[in-house]
Amino acid sequence: MTLFCTWTPSQNRSKSCTVIIIILSSLTVITGVIMADYNLSSLGQDLQLTSPTTSEAHVLVINTGGTIGMTLHDNVLAPKPNAFVQSLRKLPILHDESYAICGSDNTLVLPMNKDNKRIIYTVMEYSPLLDSSNMTTDDWSQIGKDIEKNYQNFDGFVILHGTDTMAYTASALSFMCEHLGKPIILTGSQVPIYQVRTDGIDNLLGALLIAGQFVIPEVCLYFHNKLYRGNRVTKVDNRSFNAFSSPNLAPLANAAIDITINWDTVLRANTTAKFQVSTELNSNVGLLKLFPGITTATVRAFLQPPMQGVVLETYGSGNAPDNRPDLLEELKKATDAGVIIINCTQCLRGTVSMSYATGKVLIDAGVITGGDMTSEAALSKLCYVLAKKELSLDTKKKLMAQNLRGELSLDFADTKLCLSDSRFIQVIAQSLHISCKEELAAIRDALTPPLACAAAKIGDIEALEALKEMGSNLCLEDYDGRTPLHVAACEGHLNAVNYLLSHGATVYAKDRYGDTPLCNAVHYRHRDIVELLRQTRAHFSQDRLEELGRELCSLAASGDLEGLEIWSLAGADLMKPGYTGQTAIEVARAVGKHDVADWLSKLLRNKSESGGGMDDM
Ligand SMILES: NC(=O)C[C@H](N)C(=O)O
């Protein structure tokens with residue numbers, strides 16, 4: 001691993017061509033060294049307890065209603081309760097009868113995909129099912145609560161929802177879900193799933209496949225083969241299957257023959273804080289669209305208490321009449337009284353910019369620029385921010401102007417350098433005589449994982465930092481599905497783990513053996529890393545229950561107290577039986593490992609007294 005000596009703090013960290021060419025020419029060698037250093041074959045043997053060829057992902061589907069599950073009554077469409085799951089069961093593309101799974105009647109399984117992965121999904125149906133025109137902020141809170149309650153048990157979430165207000169709900173959930181680490185994907189359809197020419201099957205299938213296969217830590221909306229950031233969309237067509245548009249941000253993924261994720265655009269986690277849902281929302285908000293000749297009386301009436309936050313839809317690049325002192329006076333009175341007013345454009349595409357005198361008057365009236373936010377995003381952001389009682393009015397205003405969840409484009413000055421623009425990639429491209437964008441992207445994707453994993457292996461934060469500065473995605477996987485976080489967790493580099501968690505790494509990444517960084521840290525007994533990962537809400541996945549019991553019994557049989565302690569620290573349920581049906585405590589007693597048996601019984605007693613259960617594995 002001499003490669004990364006070029007980036008040690010004592011030396012010049014400039015990304016000079018020479019250094020980069022050395023890196024490139026060493027790549028083949030590095031890959032070989034990395035393979036040897038990870039010792040993956042032995043790691044796999046020890047940790048891989050299920051079939052190496054098949055893995056399962058679990059997705060929770062929350063069915064809130066919408067056209068997807070509607071039928072005709074008196075010639076109009078309305079939701080049909082308790083019928084959705086039965087009809088999915090009859091569709092082989094959405095349910096594989098031959099794959100026996102234990103679970104409730106609401107649990108279904110997709111046919112095996114081409115990566116030998118099974119997506120098992122459980123449908124939770126709301127009662128009543130709603131046409132989304134009937135939704136309120138209380139429904140957003142309910143969805144948020146259900147996600148929070150089930151967060152630990154699923155790899156991803158799909159929310160079935162009517163299209164009419166889907167952009168509002170997606171935007172609201174994006175703000176409510178704080179420190180999100182798993183995908184939440186809203187979808188629905190334009191034609192009910194019960195009809196022959198429906199878009200419901202494709203939309204549901206696409207959303208399930210993405211939620212079960214990719215760790216995209218965002219609230220998204222999937223429709224007509226595209227995955228969008230949820231707070232960037234707006235419904236633009238009520239007759240086409242292509243109902244949504246994300247005018248100011250390219251899709252996060254395209255589903256064609258392959259599903260291609262645009263990882264450069266996907267948000268990356270940047271905190272070790274726990275996931276939580278802020279379900280408190282403020283409903284004293286409104287949406288006011290300017291039109292030529294709008295009366296002052298209308299504006300005044302609209303801004304009366306209890307109104308606390310308003311999205312003002314203005315003309316063009318954020319303009320309002322500057323020859324209407326009466327109207328501007330009403331706006332100024334409201335902002336002086338503490339109403340937060342956000343300026344969003346009526347145009348579908350573009351941003352609010354202060355290029356006209358007619359725009360500047362709004363700033364003078366205390367109106368905040370909404371940049372390129374959609375009205376849906378701005379309105380739901382107001383509901384979220386205004387509900388934060390602990391914050392001052394000033395802080396709330398600042399938050400409204402800030403980019404919280406990718407809803408707002410940054411100024412060019414703040415835009416981070418992209419790897420495809422960087423000198424690093426350009427030099428490599430030149431030396432390989434590459435000029436087209438696609439080939440450039442392919443090189444970037446090939447280089448980043450081994451370089452970042454090599455840096456993680458030796459805990460070289462300087463090197464990780466240098467890679468990040470070039471715009472690299474530090475959570476890209478290598479050929480074995482292993483991320484830099486897996487490697488740092490194996491090697492016990494706490495600082496590197498901390499750094500990676502703060503710069504986009506996800507604790508939910510699974511390598512080809514189905515192992516997460518938490519599994520690796522437990523296996524190599526790095527207590528401090530287990531603690532940090534747990535603090536970031538890492539947990540074992542549901543498909544490893546059987547193995548846990550076996551591992552615990554074997555530790556108990558060999559009197560390995562330290563091993564059991566670390567499993568307990570990682571949140572495993574120490575009462576899981578092994579394949580003989582005996583639990584670890586029973587095994588310890590049977591083989592005379594009394595210190596282990598005593599420790600286990602004391603631990604279990606303490607847990608039951610404190611009322612705190614252990615996590616399932
Ligand atoms: N396509 C749809 O889902 C429209 C329906 N009215 C709804 O929003 O619930």
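What's counted below: heavy atoms across the whole structure, side chains too, no hydrogens, waters or symmetry copies. One-based numbering, in listed order, for ligands and for the atoms of each.
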Enumerated ligand 1 atoms positioned under 4.0 Å from heavy atoms of Gly162
3 (O), 7 (C), 8 (O), 9 (O)
Is a salt bridge present between Asp237 and Arg239, judged by a nitrogen-to-oxygen distance below 4.0 Å?
no
Heavy-atom contact under 4.0 Å between Gly65 and ligand 1?
no
Check each heavy atom of Ala243 against ligand 1 and say whether those closer than 4.0 Å belong to the side chain, the backbone, both or neither.
neither
Any idea how Phe241 and His224 line up, ring-wise: parallel (<30°), tilted (30 to 60°), or perpendicular (>60°)?
tilted
Quick check against the 3.5 Å criterion: does Thr67 have a side-chain atom that pairs as donor or acceptor with the backbone of Gln190?
no
Consider every N or O of Ser189 and every N or O of ligand 1, then say whether any pair is closer than 3.5 Å.
yes
Does the distance from a Lys or Arg side-chain N to an Asp or Glu carboxylate O, for Glu330 and Arg300, drop under 4.0 Å?
yes
Mind telling me whether Tyr508 and His539 have parallel, tilted or perpendicular rings, with 30° and 60° as the class edges?
tilted
Check each atom of ligand 1 against the heavy atoms of Thr67 and keep those under 4.0 Å away; list them by number with element.
1 (N), 2 (C), 3 (O), 4 (C), 5 (C)
Salt bridge (charged side-chain N to carboxylate O under 4.0 Å, His left out) evaluation trace for Lys333 with Asp336
CA-CA 5 Å; Lys333 266 199 246 160; Asp336 284 348; over 6 Å; no
Tell me whether Gln190 has any N or O atom under 3.5 angstrom from an N or O of ligand 1.
yes
Atom 3 (O) of ligand 1: of Thr163, Asp164, Asp131, the nearest heavy atom sits on Thr163
Within 4.0 Å of some non-hydrogen atom of Ser132, the atoms of ligand 1 are 7 (C), 8 (O), 9 (O)
